[in-house]
Novice: 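Submitted below is the structure of interest, expressed as structure tokens.
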Amino acid sequence: MNIYADFAEKMLPLIKGSDLLSDLDADAQAALPLDRIVAEPPRDATHGDLATNAALLLAKGLRRKPRDIAEAIAKLLTEHADALQVQSVSIAGPGFINITLQPAVWQSIVQDVLTNGMDFGRTDLGQGEKINVEYVSANPTGPMHVGHCRGAVFGDALATLLSYVGYDVTREYYINDAGAQVDVLAQSAYLRYREALGEAIGAIPQGLYPGEYLKALGAQLADQYGSALLEMDEVEWLPLVKEAAISAMLELIRSDLDKLGVVHDVFFSERSLTADGDDRVAEMIADLSKRDLIYVGTLPPPKGKLPDDWEDREQTLFRSTRYGDDVDRALLKSDGSYTYFASDIAYHFDKYKRGFNRMVDVLGADHQGYLKRMTAAVTAISSENASLDIRFCQLVNLFRDGQPVKMSKRSGNLVTLADVVDEVGRDVTRFIMLYRKNDATLDFDFTKVLEQSKDNPVFYVQYAHARTHSTFAQAIEVFDEKIVSDLEKVDISILDDASEFALMRKLAEYPRIVEAAANFYEPHRIAFYLNDLASAFHGHWNKGKDLPQLRFIKDDNEKLTRARLALVLAVQIVLRSGLGLLGVDAREELR
RNA sequence: GGCCCCGUAGCUCAGCUGGAUAGAGCAGCGGACUUCUAAUCCGCAGGUCGUAGGUUCGAGUCCUACCGGGGUCACCA
């Protein structure tokens, strides 16, 4: 299915078996970078269908000029032209081998797409390996704001992508429901509860959550408990209110995620790590202690200017420096409770014990300081058997009509995720968030993302998809329903226009784009590819204006029309498949 | 001060992990609509890839140092 990989796979044995290597002893042969030999689409289409770097890579080991080696390989490819479906071979530049394939190769792509449907592009890269992708993990203290949005969409799309290429993916959300912040949440809710009972509470004190969203919870508590909570001491009401507050906030978050189309398989509670007398954080610390990775000691003061309240004191520390961290990290606070880092390690330990040797955490860019300690921790708790990859999502800057949208954190009036999705829609939000490398900041302009022009990639791609549908509708009008049936059986070999081949070549790239996107955890590659494919399709469409003989629908030639509709259908399928990986709806019409 | 990201056309960004003459979109200029929806397309113009070294057949991509922008920096959440 992947023409480029297939070609390299067929070419490699030919090179290995040729007399090019026969002068070398086994060691020298083993030293050749054969695994780096690839066949790729050339940057410039006039160079042919694919290009290989084989001669350049072998030059050093063979102690011969790249061009000489290229000559030899070109000869080899020509000799096996039929088996390789090669039409012509040429040598260019420093030693590139440019290859033009027989037209049938590209034509067969159309059939390939039609036969496999949404599975065209699916691979078994992951080979069923278990992988855990953790994303969002927003604290359950309020509705999700726009900052969470990017990580949510990124993580969700990444998980879909990894699943598509054969990993056994678990999508996970870690609920920070154990720390002081949920106590603050409960206190804030209690205030709203008193308010709901008619008390004048005045301004929300510094340090509590001021958001209006807690009013509903206050009212709910008033319904449920009447004035009973007023009679209690804080130690009594706090657990009750906390429980209600956390579950209310989670409900809020789930509804926000639902709006975005973001799903999780597992919601993992931090509190569960220490619940029911079973302290898994302590177990983790005990486990690391056995391997001499825990000690009590002091840390060197941070470089630069010291915090005002810095004091040198003994702490229980994890020896993260052994695995590449800059300093060792504290696991216990001065009051004896666990640090968040300690819980996080225990949580990742749990993931490991559940069979995940590959983990991905999607975090906001403000957590970048976390990278070394957390990867060190995973390496340690798994005895170097598991790996953690952390992907950071950079900030999203909001604009409206080119003007920055002001947000005030103090008043609690942040732009929420729900605000964004309600205004521009799920598809637009998701696509724009993914139409950028995750570690680059993103400008999100409410006005621009709704524009219906090619300036707006969401629209541009969806419009291409809608066009394929309108083409079908038109074809049925000109002929009848049968014109679009069983298109996978159509003879594609009558398609011979250069512009049609350009489209087929673009389709052929899809599997390797998917694979690269999955390999590098970069779903944005799919988004950019879709934009390219849409562009190729719009371009081809418009050729039909200047050259009517290229139009998809020829009312006097059913056979040709069907062949062209097969190509259109292939484009439609790949657009829908790619959009599906991003979690964006492929709309059939845009009006 | 340490660490982590970013720096590519006037603007917003890609660049397939080291390959050929660095690519798109927008903005600018010039063209194509009695249409298979012109919500689109075609062409022109636009660059010392932050700077300086290094690695090698070859660097936007890797290494080092600096410059500029952002983030982060004991027990925080």
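Side chains included, hydrogens not; waters and symmetry mates left out as well; all remaining heavy atoms used. Here the structure is a predicted model, which is why all the values come from computation and not from measurement. Here is the naming used below: chain letters follow the sequence lines, and residue numbers restart at 1 for every chain.
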Novice: Kindly say if A/K60 contacts the phosphate of B/U56, meaning a side-chain N or O under 4.0 Å from OP1 or OP2.
Specialist: no
Novice: Please classify the glycosidic conformation of B/U61 as syn (within 90° of 0) or anti (everything else).
Specialist: anti
Novice: Could you tell me the Watson-Crick or G-U partner of B/C33, where both distances fall under 3.5 Å? Say none if there is no partner.
Specialist: none
Novice: Write down the partner of B/C13 under the Watson-Crick or G-U wobble criteria, each distance required to be under 3.5 Å.
Specialist: B/G23
Novice: Look through every strand shown and name the nucleotide pairing with B/U51 as Watson-Crick or G-U wobble, where both distances are under 3.5 Å.
Specialist: B/A65
Novice: Which nucleotide, in any strand shown, forms a Watson-Crick or G-U wobble pair with B/C3, with both distances under 3.5 Å?
Specialist: B/G71
Novice: Look at the side chain of A/H524 and decide which nucleotide, out of B/A77, B/G15, B/A20, has an atom nearest to it.
Specialist: B/G15
Novice: When all nucleic acid strands are considered with a 4.0 Å heavy-atom cut-off, which category describes A/T141: base, sugar-phosphate, or nothing?
Specialist: nothing
Novice: Has A/K333 got a side-chain N or O lying under 4.0 Å from the OP1 or OP2 atom of B/A77?
Specialist: yes
Novice: Mind checking salt bridge (charged side-chain N to carboxylate O under 4.0 Å, His left out) for A/R64 and listing every partner two or more places apart, or none if nothing turns up?
Specialist: none
Novice: Among the candidates B/U37, B/G18, B/C75, find the nucleotide nearest to the side-chain atoms of A/R313.
Specialist: B/C75
Novice: Is it the case that the base of B/C16 and the side chain of A/R512 share a donor-acceptor contact (distance under 3.5 Å, atom types as modelled)?
Specialist: yes
Novice: Any idea which of B/U40, B/C75, B/A32 is nearest the A/N542 side chain?
Specialist: B/U40
Novice: Checking all strands, does A/A180 fall into the base, sugar-phosphate, or nothing category for heavy-atom contacts under 4.0 angstrom?
Specialist: sugar-phosphate
Novice: Under 4.0 angstrom, heavy atoms only, what part of the nucleic acid is A/F528 near: base, sugar-phosphate, or nothing?
Specialist: sugar-phosphate
Novice: Sort out the partner of B/G60 for me: Watson-Crick or G-U wobble, both distances under 3.5 Å, none otherwise.
Specialist: none
Novice: Measure from the side-chain heavy atoms of A/P42 and tell me the nearest of B/A20, B/C13, B/C6.
Specialist: B/A20
Novice: Output the rounded distance in Å from OH (A/Y463) to C1' (B/G25).
Specialist: 18 Å
Novice: Reckon A/Y370 touches a base, only the sugar-phosphate, or nothing at all at heavy-atom distances under 4.0 Å?
Specialist: base
Novice: Below the 4.0 Å mark, does B/U37 have OP1 or OP2 next to a side-chain nitrogen or oxygen of A/S470?
Specialist: yes
Novice: Considering every strand and a 4.0 Å limit on heavy-atom distances, what is the contact class for A/G179: base, sugar-phosphate, or nothing?
Specialist: nothing
